[in-house]
J.: 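One structure follows; several queries about it will come next.
Note that the coordinates shown come from a computational prediction; the quantities given were computed from them, not determined experimentally. Position 1 is the first residue of the sequence; numbering continues from there. Start at 1 and go down the list; that is how both ligands and their atoms are numbered.
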Amino acid sequence: MPYYDSCDELDFRIEDLGPLPDFDMLWMADPRDYQISYAINPHMRGPEGNLHQVDRERARSQWLALRRVFEARGLQVEVIPPLDGHPDLVFCANPGLPLPAAASGAGNLWLPSRMASPQRQGEVDHLASFASSRGWTVAPLDGPARCLEGTGDGLWHPRRQLLWGGVGPRTDGAAWEELSRRYGLRVVRLELVDPDFYHLDTCLALLDEKTCLWYPGAFSEDGRELIRRLVAKRIEVDEVEARKGFACNVFASHAFAGEALASDGPAPPAEQRVVVIEEGCARVGEALRQANWRVQEVQTSEFKKSGGSVFCMKLALPHD
Ligand code: ARG
């Protein structure tokens, strides 16, 4: 099955794709070693070119508060142990990509990332052993792709067997080509064109089968067209909230009442539909409420200094 770079190539409708389970099991990585000791994206430096300073106490309380929000909503959270010398491990969305059995055709597979920067490469084996201890079969890439950064650039379409694949500074198009060839996956490749939006999860969030949050300026024209064609309801985020507020780096769940819903079941009641988002993104918050989502604000200011927020501080997987 193919990958898609433009609308002319599309040969499916989302509603005809096979189902995927809800991703309502979360892993978060212990923030013990979180700090900023190098810069690998533009957010990590201040205006003078200096590395941002992290308030580690505050970072820890923000991480704990986020975990409590997830748990209070009935989501199970498992904690990945810390790893010496790996301050970015807390962004555990990046070192690997889960290919659930429904999509892989070969059981629950864990695809280790190839990190774009050497500073983060050590996280990959750490996550792969954690995944393996939880029953995931580790299945590395074997093709020529130089880099692939897990669920930073690979976003599963909610409840459908479709992967959205960012192509840019952190993931090569060749990685998506290999996955689509090897596992028969449909992958929509989206080129990222603005260095501030270096991962797909900084500029696109699929909230449910038909709805997304997005910042159009981060994509090439073909990418914008693909999103417009495939996602019926698009909530556009303005530049300030996207670039400074990380308003697209959210977590949306339908299973927040603690009860997983059948993947082909009816739409969940409004009170179960929650978006967890960085505080202060007032315009997006309003748009979400109007679209019938509950909005749960959290503080991730210490993590935004490193270029990440809610979405990338967790890795979401289906239960078994
Ligand atoms: N400092 C980390 C990096 O540059 C932040 C990663 C945030 N993750 C994300 N998916 N946006 O790799």
J.: Would Asn41 count as a polar contact of ligand 1, with the cut-off being nitrogen or oxygen pairs under 3.5 Å?
T.: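 Between Asn41 and ligand 1 (N or O atoms, distance only) the closest approach is under 3.5 Å.
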J.: For the rings on Phe246 and Phe311, is their centre-to-centre separation under 6.0 Å?
T.: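 No, too far apart.
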J.: Quick one: does ligand 1 sit under 4.0 Å from the side chain of Phe311, the backbone, both or neither, non-hydrogen atoms only?
T.: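 Answer for Phe311: neither.
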J.: Taking non-hydrogen atoms only, is Ser306 closer than 4.0 angstrom to ligand 1 via side chain, backbone, both or neither?
T.: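 It is both backbone and side chain that touch ligand 1.
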J.: Quick one: which ligand 1 atoms are inside 4.0 Å of a heavy atom on Gly152?
T.: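 Close to Gly152: 10 (N).
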J.: Under 4.0 Å from a heavy atom of Ile40: which atoms of ligand 1 are those, numbered in the order shown and with their elements?
T.: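 Matching atoms, with element in brackets: 3 (C), 4 (O), 12 (O).
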J.: Would you please indicate yes or no on a ring centroid separation below 6.0 angstrom for Phe219 and Phe197?
T.: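 Distance test on ring centres: not under 6.0 Å, no.
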J.: Just one of Thr151, Leu26, Ile80 clears the side chain to side chain contact (heavy atoms under 4.5 Å, CB included) bar with Cys92, so which one?
T.: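 The option that passes is Ile80.
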J.: Let me know which of Ile235, Val250, Val284, Val310 forms a side chain to side chain contact (heavy atoms under 4.5 Å, CB included) with Val275.
T.: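 Of the listed residues Ile235, Val250, Val284, Val310, the side chain to side chain contact (heavy atoms under 4.5 Å, CB included) partner of Val275 is Val250.
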J.: Are Arg134 and Phe130 in a cation-pi setup, meaning NZ or CZ lies under 6.0 angstrom from the ring centre and within 45 degrees of the ring axis?
T.: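 Yes, Arg134 and Phe130 form such a contact.
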J.: Below 3.5 Å, N or O to N or O, backbone or side chain included: is there any such pair between Asn94 and ligand 1?
T.: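 Yes.
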J.: Quick one: sort the Trp27 and Trp110 rings into parallel, tilted or perpendicular, breaks at 30° and 60°.
T.: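 It falls in the tilted class, 30° to 60°.
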J.: Which atoms of ligand 1 are found less than 4.0 Å from any heavy atom of Asp88?
T.: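 Atoms satisfying the 4.0 Å criterion: 1 (N), 2 (C), 3 (C).
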J.: Where is the nearest protein heavy atom to atom 10 (N) of ligand 1: which residue, which atom, and how far?
T.: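 That would be Asp201 OD2, 2.5 Å.
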J.: Can Arg181 and Glu177 be counted as an ion pair, charged N to O under 4.0 angstrom?
T.: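 Not counted as a salt bridge, because no side-chain N and carboxylate O are separated by less than 4.0 Å.
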J.: With respect to Arg120, determine whether any N or O atom, backbone or side chain, lies less than 3.5 Å from an N or O atom of ligand 1.
T.: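 Between Arg120 and ligand 1 (N or O atoms, distance only) the closest approach is under 3.5 Å.
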J.: Determine, for Arg283 against Glu286, whether the closest basic-nitrogen to carboxylate-oxygen distance falls under 4.0 angstrom.
T.: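 Looking at Glu286 together with Arg283, the answer is no, because their closest N to O distance does not fall below 4.0 Å.
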J.: Just to confirm my output: which protein heavy-atom neighbour is closest to atom 9 (C) of ligand 1, and how far is it?
T.: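 For atom 9 (C) of ligand 1, the nearest protein heavy atom comes out as His199 ND1, 3.0 Å.
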J.: Show me which atoms of ligand 1 lie under 4.0 Å from any heavy atom of Gly307.
T.: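 Counting from 1, the qualifying ligand atoms are 7 (C), 11 (N).
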J.: Within ligand 1, which atoms have a heavy atom of Met44 less than 4.0 Å away?
T.: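 Here the atoms of ligand 1 in question are 1 (N).
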J.: What I want to find out is whether Glu225 reaches Arg228 closely enough, with some N-O distance under 4.0 Å, to be called a salt bridge.
T.: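 Salt bridge flag = yes for Arg228 with Glu225.
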J.: What is the nearest protein non-hydrogen atom to atom 7 (C) of ligand 1, stated with its residue, atom name and distance?
T.: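 Of every protein heavy atom, Tyr198 OH, 3.3 Å lies nearest to atom 7 (C) of ligand 1.
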J.: Can you name the atoms of ligand 1, numbered from 1 with element, that are less than 4.0 Å from a heavy atom of Arg170?
T.: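 Listed by number with element, the hits are 3 (C), 4 (O), 12 (O).
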